[in-house]
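Accompanying notes for the structure given below.
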2 protein chains.
Amino acid sequence: MTRMTADGRKTARRAEAERNDHALLAAARAVLATDGAHASVAAIAKHAGVGIGSLYRRYPTKEALFQRLLDIVLDDYLTAAETALADPDPWNGLSGYVTTVIAFAGSLGPIAGTLPLTPAILDKNRRADEAVAAVIDRAHAAGVLRADASVIDVELLIEQLGKSPLIEQLAKQGRTDLSEAAQNAHTRITAIALDGLRATGHPPLPGEPPGPELFTERWEVPGSSEGTAPAGH
Amino acid sequence: MTRMTADGRKTARRAEAERNDHALLAAARAVLATDGAHASVAAIAKHAGVGIGSLYRRYPTKEALFQRLLDIVLDDYLTAAETALADPDPWNGLSGYVTTVIAFAGSLGPIAGTLPLTPAILDKNRRADEAVAAVIDRAHAAGVLRADASVIDVELLIEQLGKSPLIEQLAKQGRTDLSEAAQNAHTRITAIALDGLRATGHPPLPGEPPGPELFTERWEVPGSSEGTAPAGH
DNA sequence: TTTCTAACGGAGCGAAATGCTCCGCAGACT
DNA sequence: AGTCTGCGGAGCATTTCGCTCCGTTAGAAA
């Protein structure tokens, strides 16, 4: 009946359950980022390699899962801001914060406004906001961030760059062969935007310039007869 | 039986049909931009103030409507590029092109890869690509565009900025009171990114810095009891 | 080994959404 | 007045989705 051993450690069963829980949260992030607002529980469970039944054993409802995810992502925001403040260089701290957050911000947009916010979440959010404000204030004070860019400007820029239509579409089409190039392209665009935030001149862009295939190949409809269907925009 | 008058002008009925057609195309743009890939024909018809029946009288299928829309938007791309080339200042031409295209680019992302492309569309696309390449080449030659930014970089940056998660979410929540502030915020972010593309220093950002309400108020779930529910990210 | 049971996966159910058809009606021409 | 083009939208068939329920599996106890 008891599921603890004598010294109180978890049983193997409970260890698997915990792994499943982490897999579910990671899958929820990934599926939310690609499928957007209509991410389905079935897709999340499948992505996690877990049955739907197991998902509903841990979370009473889809909403509860997303609430938990929100809580965790807020922790990530806070950690990123603290890491940024720990960097001795104000600009490196800010740009590192921006790039880090962009990497995981995509998950939250679709669920904004669909969840009741618990007091704990509101508190975490407030602390994260204070931390990022400190990062930005420090950059302003050091004169490395353009003076006319506000905290909200930076936060909205992060949100704008967090969701990449390019990467999402490629993921939806299963074009894993292009995902590396798409990631590189997104990194370059982020660097361009960050340079726009700088008070002074730009460093060179990272990586190689992206090839045109990111544009052309996305338009091919899977069951098409035409082997070459180049089209942009 | 004939629906032309003696001199060949259209009847009033046909004039209304034509107005409806334009309304449908405009509505399709708007709904695609806000609802994304799962924009429904019902939503498009309603947004256009037109019955579903009328929609299906002009277009045999949803796909046909989107194909027509794609054709029109490609015309807009081409016109924007030609306008840019007509500007004597290479940087003004490029930045005007970018801002113009960003304003209407949001419609196309969701339908990429879902439509068979007609030869006419492929040809239009090719011409639009050539025109924008000319705009960018000219900016490169004039030394006003950073040398390490490629044509694809610029095109992907446009796509990235074309869809605004902020504006979309506010539209979905019906917060028309914030839409002006959101538009301003988006303009500023676009300006930041454009400055990142410049070879030299930045001009000041346009408009007023956006207020925090763009972040805080979006998280309020419509039927919430809590009057104030500030939360960002 | 045998028994017990916690945790698992997924078929399937009712509800909701969606593309499209079909039909009754309004009003513009003759 | 009569005709008939074009209109709006209820309704149908299909798909999707959140969630429940149950038979199966594999570690723990005896």
Side-chain angles (χ1 to χ4, degrees), chain A residues 1-24 27-28 31-32 34-69 110-111 114-116 172, chain B residues 1-24 27-28 31-32 34-69 110-111 114-116 172:
Chain A
M1 185 159 300
T2 166
R3 32 170 148 48
M4 298 294 191
T5 55
D7 61 353
R9 282 188 299 113
K10 290 147 188 157
T11 66
R13 273 318 240 213
R14 276 185 68 82
E16 178 183 1
E18 208 159 310
R19 279 198 311 276
N20 280 349
D21 190 40
H22 287 131
L24 279 172
V31 174
L32 264 178
T34 56
D35 287 7
H38 59 300
S40 70
V41 284
I44 294 173
K46 184 169 189 179
H47 191 102
V50 155
I52 297 177
S54 300
L55 188 156
Y56 275 96
R57 203 169 313 105
R58 325 250 149 239
Y59 300 97
T61 193
K62 186 188 184 186
E63 189 175 85
L65 169 64
F66 285 167
Q67 230 161 8
R68 176 87 204 283
L69 180 64
I111 59 178
T114 68
L115 296 178
K172 215 169 296 182
Chain B
M1 185 159 304
T2 166
R3 30 172 156 38
M4 298 297 193
T5 55
D7 61 353
R9 280 187 300 113
K10 291 145 188 158
T11 67
R13 275 312 240 216
R14 276 185 70 82
E16 179 183 2
E18 207 158 313
R19 277 200 311 277
N20 280 348
D21 190 40
H22 287 130
L24 279 173
V31 175
L32 264 179
T34 56
D35 287 6
H38 59 299
S40 68
V41 285
I44 294 173
K46 184 169 190 178
H47 191 102
V50 156
I52 297 177
S54 300
L55 189 157
Y56 275 96
R57 203 167 315 103
R58 323 250 151 241
Y59 300 98
T61 193
K62 187 190 185 185
E63 187 174 85
L65 169 63
F66 286 166
Q67 229 161 10
R68 176 84 205 285
L69 180 63
I111 57 177
T114 68
L115 297 177
K172 215 169 295 182

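Just so we're on the same page: letters track the sequence lines, and every chain starts at 1. Keep in mind that what you see is a predicted model, and the values were worked out from it rather than measured.
- Note: CZ (Arg58(A)) to C1' (dA6(C)) measures 10 Å, nearest angstrom.
- The Val50(B) side chain lies nearest to dG8(D) when the options are dG8(D), dT21(C), dG18(D).
- Arg57(B) has no carboxylate O lying under 4.0 Å from a charged side-chain N of Asp21(B), or vice versa, which leaves the two without a salt bridge.
- Whole-Å rounding puts the Tyr56(B) OH to dG19(C) P distance at 6 Å.
- The side chain of Thr61(A) contributes an N or O atom lying less than 4.0 Å from OP1 or OP2 of dC19(D).
- Residues Ala39(A) and Lys62(A) share a closest heavy-atom pair of O-NZ, 2.9 Å.
- Closest to the side chain of Arg57(B), from the set dG6(D), dC19(D), dG9(C), is dG6(D).
- Using a 4.0 Å heavy-atom criterion, one finds that Ala43(B) contacts no nucleic acid atom at all.
- One can place CD1 of Ile52(B) at 9 Å from P of dA10(D), the figure rounded to the nearest angstrom.
- Here Leu32(B) contributes atom CG and His38(B) contributes atom NE2; the two are 11.0 Å apart, rounded to the nearest 0.5 Å.
- The CZ-P distance, from Arg19(B) to dA28(C), rounds to 11 Å in whole Å.
- Summary of the strand contacts: Leu55(B) and Gly53(A) both lie near DNA chain D, and taking for each the nucleotide with the nearest heavy atom, the more 5' one is attributed to Leu55(B).
- Phosphate contact (OP1/OP2 of dG8(D), side-chain N/O of Ser54(B), threshold under 4.0 Å): present.
- When atom types are taken as modelled, the side chain of Ser40(A) and the backbone of Ala43(A) share a donor-acceptor pair closer than 3.5 angstrom.
- Distances were taken from every side-chain heavy atom of His38(A) (C-beta onward) to each of dG18(D), dC17(D), dG19(C); the shortest belongs to dC17(D).
- Spacing between atom CG of Asn20(B) and atom C1' of dG27(C) amounts to 15 Å, rounded to whole angstrom units.
- Separating the NE2 atom of His47(B) from the C1' atom of dG8(D) is a distance of 18 Å, rounded to the nearest angstrom.
- The distance from atom CG of Leu24(B) to atom C1' of dG19(C) is 15 Å, rounded to the nearest whole Å.
- Using modelled atom types, no side-chain atom of Glu63(B) and backbone atom of Leu115(B) make a donor-acceptor pair closer than 3.5 Å.
- Between the C1' atom of dT18(C) and the CG atom of Leu65(B) lies a distance of 15 Å, rounded to the nearest Å.
- Of the listed nucleotides (dG19(C), dG18(D), dG8(D)), dG19(C) has the atom at the smallest distance from the side chain of Val41(B).
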